[in-house]
Amino acid sequence: MEYNHKEIEARWQQFWRDNDVYRAEIDNSRPKFYVLDMFPYPSGAGLHVGHPLGYIASDIYSRYKRQQGFNVLHPMGYDAYGLPAEQYAIQTGQHPEITTRQNIARYREQLDKIGFSYDWNREIKTCDPEYYKWTQWAFQKMFDSYYCNASQQARPVAELVAHFEKHGSEGLNVACSKELTFTADEWNALTEKEQRQRLMNYRIAYQGETMVNWCPKLGTVLANDEVSEGVSVRGGYPVEQKLMNQWCLRVSAYAQRLLDGLDKVDWTDSLKETQKNWIGRSEGAEMRFKVADSDIELEIFTTRADTVFGVTFMVLAPESKYVDMVTTDDRRAAVAEYLDAVKHKTERERQIDKRVSGVFTGAYAVNPLTGKNIPIWVSDYVLAGYGTGAIMAVPAHDSRDYAFARHFELPIIPLIEGADVSEESFDAKEGKMMNSCGPELDLNGLEVKDAIAKTKQFIAEKGIGKVKVNYRLRDAIFSRQRYWGEPFPVYYKDGEPYMLDASKLPLELPEVSSYLPTESGEPPLGRAQNWATEEGYPLELCTMPGFAGSSAYYLRYMDPRNNEALVGKEANEYWRNVDLYIGGTEHATGHLIYSRFWNKFLFDMGQTVEDEPFRKLINQGMIQGRSNFVYRIKDTNTFVSLGLKKDYDVTPIHVDVNIVSGDVLDLEAFKQWRPEFATAEFVLEDGKYICGYAVEKMSKSMFNVVNPDDIVEKYGADTLRLYEMFLGPLEQSKPWDTNGIDGVNRFLKKLWGLFEKVDLDNRVAASKEELKAVHKLIKKVTQDIENFSFNTSISAFMICINELTSLKSTNAEALETVTRVIAPFAPHIAEEFWHRLGNQGSVVDAEWPKHNEDYLKEDNVNYAVSFNGKARFNIQVPAGTAKEEVEKIALADPNAERWLDGKTPKKIIVVPNKIVNIVI
RNA sequence: GCAGGAAUGGUGGAAUGGUAGACACGAAGGACUUAAAAUCCUUUGGCCUUUAUCGGCUGUGCGGGUUCGAGUCCCGCUUCCUGUACCA
């Protein structure tokens, strides 16, 4: 019988569904293992062949762990809120929910065909009210919490209020937007509204006037990780800075814990490094510079406290509140003009335009160590969002300050011995200090490191400043002026936000007449009828961002139908956290920061038992497209084959990769592809039209999308699974090339053929050679799976089957072992074999075999004999021969004479079972 | 600029410091076939030698080093990818 993948795969997929074999339940008698894929956003384009790469890897691992006796949780769901569905809704008027539901159905259909072992009973969708109830709930918890720096955890706001009532801000060590100082009496005298406004300064979910990334084209604000190089990640539209009142999450309060937690997880160094950079911890000092003839003090942050003697001017960010305070009357016009010019630049323009610009405020500050007056400037090279929005400029040892000083002809004082600052600044933190002696502090002769420490100590003692740790990590902006997202469980009374009562959750997303902002510029929810509480208070018009729903979904899978909690205690204590998380590296600074933050917050609340959500994380590489080109001779409809195109003036045109095979174009299909090519003529080489190729992103517009459905239809799911793994190392990006798929398909046919010959009625003992081949396979595949080196295990299968084929093996035991080992990779064919061999149940529960070293032992051992490291010939000796004996045999070999050339060996090295190296 | 990663045949890629190129694709030749597809067999890094065997030299981006022995370890470069960027 032929290998009929269609019949086999359909039959066993049905069997799995009918018997619910992938259902996971809490079972205290078995250890748990939680394998998770980053759930997909169901886009309208469906899955292409790149998407399942990570899913296949995680599926193999899940099945392997299950066969090893673990109770495996392997769920799947959908990150259903997102911009594309909403953009589509704006264009067509179709409700995004309908689009999303259709897309999800299509995804599910595609996923099912590949034979994944997901427990679909646990499926979740972020747009499902039963799910987003818990997103809203967590938001409310964050609103009702503040972050205590002393105990390094979130605490109820009620405790903070109690503190204010007794002590005011005295003795407070909490995360906040602004340092405020007030007494208990002052606090108690505030109205309720004023108290609530002040509490916003401390809440973990808070509303604040912040500089946001505003994308006019999308009509919404974006988080930092949603913006790249000044344009939106989705859509690539320009982004500008705008001051807006927005909901924010105080992620920055968790910066240190997010950093420390990285030591506890098993992630790649590069991913940890990316997160470390994103968190951007820097140790330095905060210092105050007095403004001359004024009570104003400028606060600055520096990592180079040692360079204060070289400060020759100060610079304020254009948005700094100090600008208005210090500017002298005669400079007001000039400063205003500069601020105006800066304001009209978008973030992108500000990044691209690296020309030095700035304006003098007319004011001077006093250098606290030299007592000298230094000018205060304004320039957009200083960022409002980092540190204090003001800097002390040390042109000799900072390249940006240097460029500024050169441009405006400000003095440059070198502070490090031997540093030549005539052409460029000396930025390195090394060398001996000079020119650094004042009335109270002398740093001359010290190493930079020591000078920094001494200065920090000095300024702290003198009360000029303090040691300070700064983080680059910003609070997450949590409002989106959009329709298709979770509504905030918030209403407004007297202009102040209040949380809806927990019994009112979930607050469901209302219907709207149009998905565009209102005429008055309000978000689309402004169009909703009766968007107010029962008492008539208006509800929040913004919705939550994409990352809201994906921040705790892994917890919900543990207990997806629980109506009382995000996750029940029993389920959480059993499943704990994700043991293996597989997904793309593009989430390094978004989802993977937010969900760690979210999890840590829930941990503080006592809602989850693990501090880190993802124990081990693997980033699968991206599968790129391999585009094909045809070359049209200019102004004709004639196409010339790749090898001959140099003789013509040609335009390359993308051609659908599905009508190209092995870079050879199917001419008839090409003519039918598009009407304008119906009359195409060709210049062929060797009777064929050879296309050019390029590796590009897989996308419709490049005509290089390969659909997994087509592969499954033609070759079967098992072939697709094997081939995706065979393509190369999991974590490496690589182009998709369907050409090699015949190899793994041939392998499966061979395996099938081998099985067809098994005599199931007359079982005989496996031969020594068979046992050796099979146990070699077990050993290799087990090692490979543990190392996520799936490509090499596919090779191991091919080698084993080739060996068994040449042995004419038809031994049932040998093939049963092969079946167990191949089951995670090719579950359909394995299930078929499993049942033919007379087993009950499903092969997913077949015990994973252990290899026996005894079968792998050789009677004779091969040694390569080398001279001075260069291998020359081989010898065979009985296993277990002593080293001395091996040396003798090597030297006595007739071949040895030739290479010894009459000399006596100086030294002989014998590496067991490998090599005899003779040094002459 | 900074951080991380990579570089091996025509291609994808294998190699706990121990005979580089496993496995697969492609290609070439052959068998079967009226023919094609499918399948099977042989060859396949480069160069040289040979009728053929046998054999030799060379070879893992470049230049050094450590070692009996380096694709692998160390130092210095080049190129490419990924992330990030006036972060003081």
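Quick note on labels: first sequence line is chain A, next is B, and so on, each numbered from 1.
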Distance check: side-chain N/O of Arg872(A) vs OP1/OP2 of G18(B), anything under 4.0 Å? no
It should be established whether Arg400(A) places a side-chain nitrogen or oxygen under 4.0 Å from OP1 or OP2 of nucleotide C87(B). yes
Distance, rounded to the nearest Å, where Phe726(A) contributes CZ and G26(B) contributes C1': 13 Å
Closest of G13(B), C68(B), U39(B) to the Lys749(A) side chain is U39(B)
Any N/O donor-acceptor pair, Asp737(A) side-chain to U11(B) base, under 3.5 Å: no
Would you measure the distance from the C1' atom in C41(B) across to the matching atom in C81(B) and give it in whole Å? 42 Å
Taking 4.0 Å as the cut-off, does a side-chain nitrogen or oxygen of Arg746(A) come that near to OP1 or OP2 on A38(B)? no
Hey, is the side chain of Lys907(A) poking within less than 4.0 Å of OP1 or OP2 on C68(B), counting only N and O atoms? yes
In whole Å, I'd like the distance from the CH2 atom of Trp899(A) to the C1' atom of C68(B). 17 Å
Would you mind reading off the distance between Lys903(A) atom NZ and C68(B) atom P, rounded to a whole angstrom? 18 Å
Please write out the pairs of protein N or O atoms and N or O atoms of nucleotides 73-76 of chain B separated by less than 3.5 Å, giving the distance to one decimal.
none

Has Asn739(A) got a side-chain N or O lying under 4.0 Å from the OP1 or OP2 atom of G12(B)? no
Taking the six-membered ring where the residue is Trp, are the ring centres of Phe790(A) and Phe726(A) under 6.0 Å apart? no
Does a nitrogen or oxygen in the side chain of Tyr386(A) sit under 4.0 Å from OP1 or OP2 of A88(B)? yes
CZ of Arg281(A) versus C1' of U84(B): gap in Å, rounded? 20 Å
Take atom CG of Leu271(A) and atom P of G5(B), then tell me their distance rounded to the nearest Å. 12 Å
For Gln732(A) and C81(B), is the shortest distance between a side-chain N/O and OP1 or OP2 below 4.0 Å? no
Of all the base pairs, Watson-Crick or G-U under 3.5 Å, which form stems of three or more consecutive pairs involving RNA chain B? B:1-7 with B:78-84, B:10-12 with B:23-25, B:26-31 with B:39-44, B:45-48 with B:55-58, B:61-65 with B:73-77
Within the structure, does a side-chain N or O atom of Arg898(A) lie under 4.0 Å from either OP1 or OP2 of G56(B)? yes
Answer with base, sugar-phosphate or nothing: what part of the nucleic acid does Pro735(A) contact at a heavy-atom distance below 4.0 Å? nothing
Nearest-Å distance, CG (Asn802(A)) to P (A22(B))? 13 Å
